[in-house]
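See structure below.
Just so you know, ligand 1 is whichever comes first in the structure, and atom 1 is the first atom listed for that ligand.
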Amino acid sequence: LYAIFTAMGPQKPHHMNLLLINPNTSTAMTQAIAEAARAVAAPGTRIHAVQPGFGPESIESHFEETIAAAGVAEQVRLANPRPDAVVIACFGDPGLDAAREATDAPVIGIAEAAFHAASFLCTGFSVVTTMTRTCITAEHLLHRYGLERRCRGVHGTDIPVLELERAGEALVARIEAAAREALARDRSGAIVLGCAGMAPLCATLSERLGVPVIDGVSVAVKMAESLVALGLRTSKHGDYAPPPPKAWTGWAKSLEG
Ligand code: 2AL
């Protein structure tokens, strides 16, 4: 027995499994998000980065968001190993409530995490996001989370999500300019980056802007670690209880509880 345990090497009792879901199906973006998450994760945090098996390669419309939410639900159902925490890494927080019903692990959406972090750092923040048409999604979430009074403006740059995968200086400069304009016009104290694909740009933008720049991916990872360390889990009392058992049909049968 001793030989077996010795061969297994030293045990690491303090590790946690963090399921990091990119709700879109861009493998390059999943990798970039995973890298951003690993850069801030504690040594004992194992990041399992996944994406749905179906759906759009980026999420910048209501229709895409709806399908992506089902993809998030799918990935929570399929999760292996069993996650200690889940992060949903798209700024629309698609499938957040569904994921919380499906697991008792804490589930953190990057928009929700970023808004809360920003509210600790200034009286009012601005959001700089991708396509202008996605601004409404951030605005709906701010109302849903009760944080609309802390946000002084949501600004689109009209940069498509997938262009962030190969962001050069011209793109960074456009986001920087939008952020500067937002800070001045909104009289805000911090910038929230409105897309998971902006995570790799956070350090550069912080340095250039000289105000707190909040990337939801890194904040969500640290919040997930904190909740796990405190032994706090998603409530199963009330509406986050598991969905009631019933028959499911068609392609969604595999998502049955
Ligand atoms: C996003 C995001 O974070 N991932 C994605 O596909 N679209 N956000 C956005 N505002 O477009």
Original post:
How does I59 reach ligand 1, by side chain, by backbone, by both or by neither, if only non-hydrogen atoms under 4.0 Å count?
Top reply: both
Original post:
In ligand 1, which numbered atoms sit nearer than 4.0 Å to a non-hydrogen atom of T129?
Top reply: 10 (N)
Subject >> Atom indices of ligand 1, in the order listed, that fall short of 4.0 Å to a heavy atom of N24 >> reply: 4 (N), 5 (C), 6 (O)
Subject >> Nearest non-hydrogen protein atom, atom 4 (N) of ligand 1 >> reply: C90 SG, 3.4 Å
Original post:
Donor-acceptor pair, T129 side chain versus H155 backbone, under 3.5 Å?
Top reply: no
**OP:** Could you tell me the residue and atom name of the protein heavy atom closest to atom 11 (O) of ligand 1, and the distance to it rounded to 0.1 Å?
**Re:** T130 OG1, 2.9 Å
Original post:
Any Lys/Arg nitrogen of R208 or E169 sitting under 4.0 Å from an Asp/Glu carboxylate oxygen of the other?
Top reply: yes
Subject >> Under 3.5 Å: N/O of F91 near N/O of ligand 1 >> reply: yes
Original post:
Is K236 salt-bridged to D104, going by a charged N under 4.0 Å from an acidic O?
Top reply: no
Original post:
Which heavy atom of the protein is the closest neighbour of atom 3 (O) of ligand 1, given with residue, atom name and distance?
Top reply: A196 N, 2.9 Å
Original post:
Is any N or O atom of G194, backbone or side chain, closer than 3.5 Å to an N or O atom of ligand 1?
Top reply: yes
Original post:
Side chain of D84, backbone of N17: donor and acceptor closer than 3.5 Å?
Top reply: yes
Original post:
Do NZ/NE/NH1/NH2 and the carboxylate oxygens of R38 and E35 come within less than 4.0 Å?
Top reply: no
Original post:
Can you list the ligand 1 atoms lying under 4.0 Å from a non-hydrogen atom of T134?
Top reply: 10 (N), 11 (O)
Subject >> E57, CD: over 12 other non-hydrogen atoms inside 6.0 angstrom >> reply: no
Original post:
Looking at E74 and R77, does any basic side-chain N land under 4.0 Å from a carboxylate oxygen?
Top reply: no
Original post:
Is ligand 1 less than 4.0 angstrom away from at least one heavy atom of S58?
Top reply: yes
